[in-house]
Amino acid sequence: MNIFDQYLNKIKNVLLDLSKNGNIVLPEIMDGITTEIPPAHFKSDISTNVAMVLSKANNKSPLDLANILVKAIKEKDELIDNISVVKPGFINIKFKPIFWTMFVKEIIKNSDNYGINTNEKKQKYLIEFVSANPTGPLHVGHSRGAILGDVIANILLFNKHKVSREYYVNDYGNQIINFTKSVYLRIREILFKEPFPLDNENLYPGDYLISFAENIIKFNKEIDFNNFDEISEKLTTLSIDESLKLIKKNLKSLGVNHDNFFSEKKLVSDNEVEKVIDFLKKKNFVYKGKIKKPEGDNNENWVEREQLLFKSTDFGDDKDRALQKTDGTWTYFASDVAYHKNKLDRKFDQLINILGADHAGYIKRISSSVEALSNSREKLTCKVSQLVKLIKDKKPFKMSKRKGDYITVDDLINEVGKDATRFIMLNRSSDVELDFDFDSVVEKSKDNPLYYVQYSYARISSVFRHLKKDLKSDIKIDKYDFRYSEDEITILKKISEWPKCIDISSKKLEPHRIPTFLYELASLFHSYWNLGKENPDKRFINEQKKITNAKLIFLKSISTVIKSGMDLVGVSTPEKM
RNA sequence: GCGCCUGUAGCUCAAUUGGAUAGAGCGCUUGGCUACGGACCAGGAGGUUCUGGGUUCAACUCCUAGCAGGCGCACCA
């Protein structure tokens, strides 16, 4: 039930009628015609730009054309109170109060589905996110991408698409070798009292490796840890398992659930990399060649070498990309191409990748490969989550990989909790750097939008509690013979924008619009609530300790939107705070 | 040198996928609590949307040339 879509269709039908009768000329494409939310001071409910879009084709001024259209639109619609033409050529529609009564009725009849976009073609999505190296716990930067991906998935699921959440496990390559060596040295430290070499840059110095080592020793008594070469393969598996256990725990504490963990190592051992390179060779996208040194690059150590390259420049990349290292092993990129081939072979309609800001430069390369594999530019969408700037005691908190100097997801959850973390991380567009201020996030006040929204839900709950009614159960009303006041309609109008908000969030993959919307709705609700102090008519519970049907379903409608929005964000809506 | 992201009120950010008089919070300031929970509300001040061109009936939004900040740029992942 999207009143903006509904009226867009009505208007298009009016246009078709008028053009059949020869009254107006229609262009071939009617894409530019929209229905929108008029600015508040116009005191109307829906506006459309139709007259401005069609004025040229009709050789009439937008205002003249609008006047013709206005008559035709109003003629067919008993719910319109007033329809007017404004300056550049906008048509503004104001509904009769009964429109809003009917509107609430629709929501109440099917409150679980309110906001869902029913027009969209249902698709099968694969969203890959987090995919952090399995070499240690997740930190704050990962959590933003994790939440972003999770909520995008929630929104797509809400719109009845099929979605699979996937984590690509980079369990192959040099980093894993270094990681396993680090675990091994921690084991030797415990068993043979050999101090861990903290000065080696290739090793992982983090304290968490000590507990990895302890666990591995404890549960693998049969292993002889004296000779690394003999146990390296086994130890690699065990070490990665330890990491993944920790990562999964971190994800769980953030409320993030992946459907699938996809192993890079398995991809390589199944020869999927060779297969995809053959595939691309046949299409002439792979060749042996040399990469030129970038201009202006001061690196003196540049070595030009011949290697297997992917022709990503054919797709707009600034250089071709290496697939194979000199030692014969695959580059990260090569196996990632194979991974994306695998995704495509699993018949997903759309692929979404969530990347951290530090990997943004990688997008061109991987999207080029997907285009080469699928002949489509639209198959893959990459979203970047920008940096999180931590602020503590009003000062920026610098993270470095050196021991004890970076904040993990565990720290974050322990300090501010899951709900606040999710809400605040999502409250800003993923394109902008995020200031994450520990002090204000923890504060239970108006500084914290999470509590502001939750509080509105708690207030609604308290009314139902007083009336001994259940907010969650369905409400049945016999007669919709009441009319809402202007104050109430202001809120109902906001509620009518909810499907539009979902729609845009979903199409643009911009979930930050949801917390923003919820905040605005909560704000309107709090204003209304306070009107009840001066004016008893605005109170929900009257002097006989009863509530009218009108107010009952009014509250129910508000709570429906708040609840489903908060569910999408993945935070709780407590009935008492 | 190149690529990506950002630039909007003193600060942190929105802006209905090109719409009308650019909106919130914080801060500043003036008011409102014997309550359906004040974790709230009402009012005020505060803007050349980084700059210059262009496209359009309409530009914070799109194109282009700059400026500033961030991130990245080999066989790492």
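Each chain gets a letter, A, B and so on, in the order the sequences are listed, and its residues count up from 1.
Of the residues A/Y172, A/Y339, A/Y362, the one that meets the ring pair (Phe, Tyr, Trp, His ring centres under 6.0 Å) test with A/Y332 is A/Y362.
Listed candidates were B/A77, B/C71, B/C40. Nearest to the side chain of A/A357 is B/C71. With distances taken from any side-chain atom of A/K325 to the nucleotides B/C76, B/G25, B/C13, the minimum falls on B/C76. Looking at the side chain of A/I504, the nearest of the listed nucleotides B/G70, B/U17, B/U6 is B/U17. Nearest to the side-chain atoms of A/N174 among the listed nucleotides B/U17, B/U21, B/A77 stands B/A77. Here the side chain of A/M52 is nearest to one of B/C57, B/A77, B/C40, namely B/C57. Comparing B/G37, B/U17, B/A77 by their closest approach to the side chain of A/K508 singles out B/U17. When distances are taken from the side chain of A/D431 to each of B/C5, B/C71, B/A24, the shortest belongs to B/C5. The A/A360 side chain lies nearest to B/C4 when the options are B/C4, B/G19, B/C41. Nearest to the side-chain atoms of A/V53 among the listed nucleotides B/C5, B/G19, B/A39 stands B/G19.
At a cut-off of 3.5 angstrom, counting only N and O atoms as typed in the model, there is no donor on one side facing an acceptor on the other between the side-chain of A/D358 and the base of B/G72. For A/S527 against B/A42, no side-chain N or O and base N or O form a donor-acceptor pair under 3.5 Å. The base of B/A58 is not paired with the side chain of A/N49 by any donor and acceptor separated by under 3.5 Å. Taking 3.5 Å as the limit, the base of B/A20 and the side chain of A/H41 contain no donor-acceptor pair of atoms between them.
OP1 or OP2 of B/A39 has not a single side-chain nitrogen or oxygen of A/Y457 nearer than 4.0 Å. For the OP1/OP2 pair of B/U21 and a distance below 4.0 Å, the side-chain nitrogens and oxygens of A/K87 include at least one atom meeting the criterion. In this model, the phosphate group of B/C73 is not approached by any side-chain N or O of A/R321 to a distance below 4.0 Å at OP1 or OP2.
Applying the side chain to side chain donor-acceptor pair (under 3.5 Å) criterion to A/N58, with sequence neighbours excluded, gives no partner residue. In terms of the side-chain contact (heavy atoms from CB on, under 4.5 Å) criterion, residue partners of A/N202 (sequence neighbours excluded) are, by chain and number, A/N178, A/N200.
The closest side-chain donor-acceptor pair between A/N117 and A/N159, if any, does not fall under 3.5 angstrom.
Only A/T331, A/Y332, listed by number, bring a heavy atom of residues 327-340 of chain A to less than 4.0 angstrom from any atom of RNA chain B.
Relative to the ring axis of A/F4, A/K500 places its NZ or CZ within 45° and under 6.0 Å from the centre.
Taking OG1 of A/T421 as the start and CD1 of A/I424 as the end, the distance is 8.5 Å to the nearest 0.5 Å.
With a cut-off of 3.5 Å on both Watson-Crick or G-U wobble distances, the partner of B/C62 is given as B/G54.
Separating the NZ atom of A/K319 from the C1' atom of B/G72 is a distance of 11 Å, rounded to the nearest angstrom.
Centre separation under 5.5 Å together with a plane angle under 30° does not hold for the ring of A/Y452 and the six-membered base ring of B/A39, so they are not marked as stacked.
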